[in-house]
Structures are given as C-alpha cells and as structure tokens.
Chemist: 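For reference, the structure I am asking about is given below.
Everything numeric here is computed off the predicted structure, so don't read it as measured data. Just so we're on the same page: letters track the sequence lines, and every chain starts at 1.
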Protein chains: 2
Amino acid sequence: MTTLKDIAKEAGVSTATVSQVLNDKENPFISQATKEGILQAAERLHYIPNRVARDLARGSTMVLGVIIPRAADLFFPEVVEGIEEAASTKGYDIVLSYSAGNFQKERKHIQLLLERKVDGLLVAPLENNQNIPIFRELLERKFPFVFIDRYLPEVKTDFVVSDLKDGACEAVSYLIRLGRTKIVHITKDSNISTVRDVLEGYKMALMKNGLKINQELVKAVNSEISSNSYEAGYNGMKKLLEKRVDFTAVFCIDDNLAVGALKTLKEAKLKVPQDISVVGMDNLAVSSYLTSPLTSVAQNKIQMGKLASEILIKRIENPENKKKQIFLKTNLILRESTNEKEI
Amino acid sequence: MTTLKDIAKEAGVSTATVSQVLNDKENPFISQATKEGILQAAERLHYIPNRVARDLARGSTMVLGVIIPRAADLFFPEVVEGIEEAASTKGYDIVLSYSAGNFQKERKHIQLLLERKVDGLLVAPLENNQNIPIFRELLERKFPFVFIDRYLPEVKTDFVVSDLKDGACEAVSYLIRLGRTKIVHITKDSNISTVRDVLEGYKMALMKNGLKINQELVKAVNSEISSNSYEAGYNGMKKLLEKRVDFTAVFCIDDNLAVGALKTLKEAKLKVPQDISVVGMDNLAVSSYLTSPLTSVAQNKIQMGKLASEILIKRIENPENKKKQIFLKTNLILRESTNEKEI
DNA sequence: TTGAAAGCGCTAACAG
DNA sequence: CTGTTAGCGCTTTCAA
C-alpha cells in the first residue's frame with residue numbers, strides 16, 4: 001500500500017506538500033516542478049488516497065446517509081436519483097440503507113450512519129412510531145436530517161413531501177366531474193402521513209362536491225413491506241365485490257394496488273373505464289403500458305430528492321436556519337382507465 | 001462529542017481498557033466492576049463509537065462495496081437483498097453504488113470504494129468494455145471482487161450468474177412443443193454476457209428441434225440504461241409488425257420488454273395466447289398481474305446475491321482460493337400468455 | 001487485570 | 001515556497 005509518505009520520499013518532499021498538491025489547494029504557491037514531481041510519483045506508485053484517514057483527520061466525511069423503506073421499488077430509487085444529483089454537485093457522496101419495513105433496522109442504520117460520521121441524514125421514516133425518540137434525540141443534538149416522502153408530525157424537522165392531500169382531492173374531484181360519485185378508496189392500513197393525507201384529500205373532494213363520506217367505500221389493505229402490493233390490491237378489490245359494495249370508480253393510493261385491482265375487475269368482467277373508472281397515484285412507468293393505461297397522480301420524485309438534498313446541505317452548513325417543510329405540487333395524468341369519451 | 005478518552009476519564013481507567021470492554025473482547029479478564037463502570041459511563045455520556053477511527057486503526061472496514069447498473073429496477077435490488085442477508089450474517093456491511101449505465105461512473109465508484117477501503121467488491125459490470133483494464137488491475141493486485149448477474153469473459157474472476165442459456169433454451173423448446181415454431185426473439189443491442197447467453201439458448205433450442213435460425217426474427221432494441229424498457233418493447237414489436245414479419249410466438253429477454261410487446265399486440269388486435277404466445281425472462285412480481293399473465297423464466301435473485309456474497313467473503317479471507325464461476329438454474333413459470341389450453 | 005505508548009494515514013496550522 | 005509537528009479517535013502490543 002502506497003501512502004503519502006512513500007510519495008514524499010519518492011519525490012523528495014514532505015508529506016505536507018504532497019497532501020497540498022494532491023488536494024489541489026489554491027493558496028500555497030508550490031513550484032510547478034515539485035508539483036509535477038509529486039503527481040508523477042503518485043502515478044508511478046499507483047497511489048490510492050485513503051479516505052478513512054482523510055476523514056478522520058478532517059473530522060468530516062462529506063457523506064449524506066439515506067434511509068428508505070425498500071430497494072425493490074420504483075418510487076424511492078427515483079427520489080434517490082434526485083438526491084444523488086444534487087448532492088454530487090455540492091461535493092457530497094451518499095450512502096444508501098434500507099429499513100426494510102422494520103423499525104429495528106431503521107434504528108440500526110441510523111446508528112451505523114452516525115458511527116460512520118455522515119454529515120447528515122435523509123430519511124423516509126417508517127409508519128412505525130417506535131423510533132420517534134431517536135429522531136427527537138437527533139433533533140436535540142442538532143444533528144442535521146431531513147424527511148422525504150413522508151413526515152412524522154411529532155418530529156419537527158425539515159421535510160420534502162408531495163402535496164398528496166391536494167393531489168388526491170384533484171383526482172377525486174375529476175372522477176366526480178366525470179359523473180362517478182360512488183368512489184371506492186383503496187388505501188393502506190397505516191397511519192403514515194402519506195396515507196392520512198390522501199384520505200383527507202379524498203374526503204375533502206367528496207365534501208366540496210356535497211357528497212357523503214361512506215366508510216364502506218374506504219378499503220384499507222395490508223401495508224406490510226413484505227406484502228405484495230399487486231396482490232393486496234387484487235384481494236382488496238375482490239372483497240369489495242364480494243360484499244357487493246356499489247361503486248363506479250376506484251381511487252388507489254398507489255399504482256401497484258391499482259394494477260391488482262384492475263385484474264380483479266377484469267376477472268369480474270367489469271369494463272374499465274366503461275363500468276368502473278380507476279385512478280392510481282405515483283405514475284409509475286409501467287402504468288401507461290397496462291392494457292388499461294392508468295390515470296395517475298404524478299409526483300415529482302427527482303425534484304423531491306434534489307430539494308431534500310439541498311435543504312439538508314444548507315442545514316449542515318448553517319444549523320440555525322429556519323426549518324423548511326415543503327409540499328410539492330402533484331400532477332394528474334389522464335389515461336384510458338378514466339377516459340370519459342369511452343364511457 | 002464523547003470519545004474513548006472521555007469514558008476512560010469518567011470511569012477512571014485507561015482508553016485501552018475501555019476499548020477492550022466496548023469491543024467485548026474475550027480473553028482479557030477485566031473485572032466485572034470496571035466493566036460495568038465503563039458501560040455505564042458510555043451510556044451516561046451518550047457515547048457513539050467512531051468507525052472512521054476504528055477502521056483506520058484496524059486497517060479493515062468490514063464493508064463490501066456493491067455496484068449495480070441502476071436503482072429504479074426490480075431485478076438488481078432483489079439480488080442486493082440476498083447479498084445483504086449473507087453479508088450481515090458474516091458481520092459485513094454493504095455500501096451500494098449505481099453505475100447508471102455509464103462506465104465513467106462505474107470507474108468512479110470503484111475508485112471511491114477502494115478509497116473507502118472496502119474489503120471487497122460485488123459488481124454487475126456494464127456492457128461497456130471500457131473498464132476491463134481496471135478490473136484486470138484489481139485482479140493483479142489481488143483485490144477481491146465477484147461479478148453478479150453478468151460476467152466479462154476477459155476478466156477471470158469469480159462470478160455468480162443465472163444459467164440463461166439453459167433457461168432460454170427451455171423456454172423456447174416449450175414454445176416449440178406448443179407448436180409455435182416461428183418465434184421472434186426481442187433482445188437488446190448489447191454484447192453483455194446475459195444477452196449473448198440468451199441468444200445462444202434461443203438458437204440452441206431451434207437447432208435441437210431441427211428449425212432454421214432466421215435473423216429476421218431476432219429484433220435487438222435499444223438497451224441504454226436511460227431508455228424505457230416498456231417503450232423499447234412496444235416499439236420493437238411495432239417494427240416487426242410493420243415489416244410484416246411472420247411469427248406465432250415472442251420470446252423477450254426481459255419481462256419489461258414483454259409488457260411493451262404485449263401492448264403492441266393488443267393494439268394490433270392480436271390475441272395472446274391464441275394468436276401469439278409470449279414469454280419473458282425475470283419473472284417480476286407484476287408479470288402475474290398483467291391482463292395476460294406472463295409466462296417467464298424465473299431467476300433466483302436472492303440466491304444469486306447470497307452466493308456471491310459468500311464467495312466474496314471467502315475470497316477475502318482466503319485470497320488464494322480457486323476461482324468460482326457459478327451458473328444458477330432457472331425455472332420456467334407457465335402462465336396464460338402461453339397457455340396451450342386456450343389456443 | 002490494567003495502563004502506557006506507538007501508530008493507522010492524512011491534515012492543517014505554523015514556522016521558516 | 002516548503003517542512004515540522006501535533007493531532008484526529010481508536011486499537012493493540014507489551015510491560016507492569
């Protein structure tokens with residue numbers, strides 16, 4: 001293993017000079033000759049800088065930790081893309097961890113990332129409240145962290161989420177304008193902010209339009225991380241049909257549930273959108289390639305990641321900034337699953 | 001920030017003793033009393049160990065670096081799950097990076113992970129050859145790394161991949177048994193091992209069954225990472241129809257392409273499976289929830305990750321082991337997109 | 001049973 | 001313009 005010392009010896013200078021040159025410092029006016037000598041020596045000896053040593057000496061890692069609930073997913077990774085993009089332009093690397101729907105893992109990863117001395121944390125917290133004390137402790141210690149996609153009202157930190165209340169309200173209002181007033185809402189049995197906000201938006205749209213809220217129309221399916229969303233949507237819809245619930249539209253909290261629901265409807269020989277209109281949320285890429293391309297509430301995932309990253313970095317650089325809580329506008333994408341012309 | 005020294009002072013012992021206790025060493029018979037004193041002091045002072053310092057002192061990080069082509073994907077993350085599972089049981093953490101279809105990023109991430117002093121690397125290499133010298137250098141320096149999902153024949157290292165040749169051959173043979181002899185193969189314009197192996201399997205099945213290989217039936221679509229696979233499959237199939245290519249079955253190199261192809265077929269009013277049988281590879285969760293549930297060649301992704309992880313760790317512990325090159329059996333899952341009864 | 005001390009590789013004053 | 005030096009926080013041998 002070549003170290004700075006080796007290069008210093010090889011180039012006949014001190015390690016300090018080598019360090020300066022290799023880090024491309026501005027001020028020190030080191031002669032072009034020694035500079036080149038050092039660079040060449042480094043090249044010749046196949047030098048690989050040791051970040052572990054550098055980080056220890058500097059007392060900072062220039063790394064952001066990111067914790068999201070799952071890997072095999074089409075939503076969060078896109079947010080992470082945005083995070084990475086913004087982070088790297090500011091010179092930060094990111095380290096990714098998965099809480100896998102398990103609050104012990106969430107805690108473990110927070111702990112690990114702190115031990116690794118990341119400069120800040122981006123977290124999509126689990127629906128499980130159990131780590132609230134942990135987050136509060138971070139807050140007290142003024143350790144910078146930002147929530148993404150969902151927030152915990154009990155933890156007053158920065159966050160960047162979609163304005164799902166508004167998005168849901170828009171989607172449901174659109175269904176009502178199509179004349180579909182008996183709207184099922186397929187959601188998850190969870191109390192995370194996204195679920196609450198969407199439900200609120202759904203109710204708000206009904207109320208605004210003078211419609212009653214019928215609890216029978218709200219179907220909450222299993223939201224465990226390990227569960228298959230498609231299957232959950234499929235089974236949820238099946239139960240509604242078995243109960244002979246009367247409805248003309250379905251509003252799902254995510255596109256995956258909607259895919260499952262569509263399958264049940266098809267098996268029941270119900271036509272989409274002629275008999276039933278269907279709307280999802282997330283606007284996943286696959287949604288437009290379904291047999292009934294899915295109308296969906298699009299979220300700007302890349303933007304969410306970018307903003308969150310930027311806010312975190314600002315907080316790292318200036319811990320006393322005012323907390324920022326951002327709700328990003330969504331965008332209703334119309335496709336055949338609600339196409340009014342085909343009714 | 002509390003350090004070992006603070007705890008030592010608080011507990012009235014030396015840092016060496018604190019280190020021993022906190023690392024739960026076996027041998028040193030430290031008195032129960034001092035042990036507890038130390039543990040309590042650590043607790044009281046909210047001690048968080050500094051891994052950066054520990055790693056530097058130890059000269060090893062117990063971290064495996066993982067590089068996969070993309071995040072927003074349903075294949076690789078599952079492999080990563082397997083990797084993580086096996087790694088964590090051996091006490092290793094993993095750090096995940098994405099090459100994003102860009103060989104410069106691939107190189108940059110290899111470099112970064114080396115600087116971070118990971119103990120080994122798991123890589124799904126890009127189709128781009130440009131980093132072969134880098135991998136060869138790793139090989140020369142005896143730095144442990146294992147390829148996953150795909151391999152570079154030019155780089156003689158360990159790898160764990162699916163036996164796609166065999167899997168493809170089985171799938172195509174099955175189509176032939178169904179009486180579908182004019183089989184289109186939708187694949188990618190890439191020379192990565194997976195693409196080559198599947199094509200070979202396709203050809204092998206045709207030859208075994210005395211059928212001619214018709215280049216007109218092999219359609220290679222854009223494989224750029226940034227491209228939308230669904231769209232690529234959709235457009236690829238469209239071109240085949242426009243050219244009036246005569247076929248009765250479609251064998252796609254992945255399920256995403258198959259979803260796009262299914263959409264084109266539907267728009268052309270071709271019935272699946274009555275007119276055209278369709279087979280994909282990967283067996284993604286969504287495949288069974290499509291309007292025409294997709295027959296697919298399943299790969300054991302979790303197992304792939306686990307095995308790769310285990311092999312890497314063995315190599316780290318024993319660099320001189322013989323290289324292992326593993327081809328995992330695949331599994332043909334039959335669904336309606338080829339259901340013979342409906343023909 | 002425990003402590004002193006050297007050192008992991010690099011950085012950053014400060015001195016010259 | 002360049003070198004000396006004192007750490008960063010932790011581990012680990014060796015001695016007591």
Chemist: Pick out the pairs of N or O atoms, protein on one side and nucleotides 3-5 of chain C on the other, that lie under 3.5 Å.
Modeler:
unit_1, atom_1, unit_2, atom_2, d
dG3(C), OP2, Ser14(B), N, 2.8
dG3(C), OP2, Thr17(B), OG1, 2.8

Chemist: Can I get a per-line list of side-chain donor-acceptor pairs under 3.5 Å for residues 306-314 of chain A, giving both atom names and the distance, sequence neighbours left out?
Modeler:
unit_1, atom_1, unit_2, atom_2, d
Lys306(A), NZ, Glu85(A), OE2, 3.4
Ser309(A), OG, Ile83(A), O, 3.0

Chemist: Using the test side-chain contact (heavy atoms from CB on, under 4.5 Å), find all partners of Ser60(A) that sit at least two apart in sequence or belong to another chain.
Modeler: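 For Ser60(A) the side-chain contact (heavy atoms from CB on, under 4.5 Å) partners, ignoring immediate neighbours, are Met62(A), Asp119(A).
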Chemist: For a quick test of reading the model: is some side-chain N or O of Thr34(B) closer than 4.0 Å to OP1 or OP2 of dT1(C)?
Modeler: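 No, outside the criterion.
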Chemist: Please report the distance, rounded to the nearest Å, between NZ in Lys117(A) and P in dC10(C).
Modeler: 21 Å
Chemist: Reckon Thr3(A) touches a base, only the sugar-phosphate, or nothing at all at heavy-atom distances under 4.0 Å?
Modeler: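 Counting heavy atoms under 4.0 Å across all strands, the contact made by Thr3(A) is with sugar-phosphate only.
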Chemist: Identify, with sequence neighbours excluded, every residue that meets side-chain hydrogen bond (donor to acceptor under 3.5 Å, both in side chains) alongside Gln111(B).
Modeler: Glu115(B)
Chemist: Find the bend of the helix from dT1(C)-dA16(D) to dG16(C)-dC1(D) as the angle between its two terminal axes (five pairs each), to the nearest 10°.
Modeler: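 Angle reported: 40°, given to the nearest ten degrees.
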Chemist: Only counting residues at least two apart or in another chain, list the ones meeting side-chain hydrogen bond (donor to acceptor under 3.5 Å, both in side chains) with Ser190(A).
Modeler: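 For Ser190(A) the side-chain hydrogen bond (donor to acceptor under 3.5 Å, both in side chains) partners, ignoring immediate neighbours, are Glu127(A).
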Chemist: Could you list the donor-acceptor pairs under 3.5 angstrom formed between side-chain atoms of residues 43-51 of chain B and any protein atom two or more places apart in sequence or on another chain?
Modeler:
unit_1, atom_1, unit_2, atom_2, d
Arg44(B), NH1, Glu10(B), OE2, 2.2
Asn50(B), OD1, Val52(B), N, 2.9
Asn50(B), OD1, Ala53(B), N, 3.1
Arg51(B), NH2, Thr61(B), O, 3.3

Chemist: Of all residues at least two apart in sequence or in a different chain, which pass the side-chain hydrogen bond (donor to acceptor under 3.5 Å, both in side chains) check with Arg141(A)?
Modeler: Glu137(A)
Chemist: Check the distance between dG7(D)'s P and Leu4(A)'s CG and give it to me in whole angstrom.
Modeler: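 For the pair Leu4(A) CG and dG7(D) P, the rounded distance is 20 Å.
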Chemist: Measure the distance from CD on Glu115(A) to P on dC10(D) and round it to the nearest whole Å.
Modeler: 10 Å
Chemist: Excluding sequence neighbours, so at least two apart, what forms side-chain hydrogen bond (donor to acceptor under 3.5 Å, both in side chains) with Arg54(A)?
Modeler: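 side-chain hydrogen bond (donor to acceptor under 3.5 Å, both in side chains) list for Arg54(A), sorted by chain: empty.
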Chemist: Rounded to whole Å, please give me the gap between CZ in Arg116(A) and P in dC8(D).
Modeler: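 So the CZ-P distance, Arg116(A) to dC8(D), works out to 22 Å.
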Chemist: Quick one: do Lys117(B) and Asp55(B) make a salt bridge, cutoff under 4.0 Å?
Modeler: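 No, no charged N to carboxylate O under 4.0 Å.
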Chemist: Thinking salt bridges, do Asp93(A) and Arg116(B) make one under a 4.0 Å N-O criterion?
Modeler: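 Counted as a salt bridge, because a side-chain N and a carboxylate O are separated by less than 4.0 Å.
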Chemist: Calculate the interatomic distance between Asn23(A) atom CG and dA12(C) atom P; express it in whole Å.
Modeler: 8 Å
Chemist: Measure CD/Gln32(B) against P/dT2(C) and give the value in whole Å, please.
Modeler: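 Nearest whole value for this atom pair: 10 Å.
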Chemist: With sequence neighbours excluded, tell me which residues meet ring-ring contact (aromatic ring centres under 6.0 Å, His included) with Phe147(A).
Modeler: Phe135(A), Phe145(A)
Chemist: Looking at Ser19(B), does any N or O in its side chain come under 4.0 Å of the phosphate oxygens OP1/OP2 on dT11(D)?
Modeler: yes
Chemist: For DNA chain C, determine which residues of residues 47-63 of chain B have any heavy atom closer than 4.0 angstrom to one of its atoms, and list them numerically.
Modeler: Leu56(B), Ala57(B)
Chemist: Under the side-chain contact (heavy atoms from CB on, under 4.5 Å) test, which residues partner Ala8(B), sequence neighbours left out?
Modeler: Thr15(B), Val18(B)
Chemist: dG9(C) P sits how many Å from Leu45(A) CG, rounded?
Modeler: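 Distance check: Leu45(A) CG to dG9(C) P gives 14 Å.
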Chemist: When the distance from NZ of Lys5(A) to P of dT4(D) is rounded to whole Å, what number comes out?
Modeler: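 Going from Lys5(A) (NZ) to dT4(D) (P), I get 13 Å.
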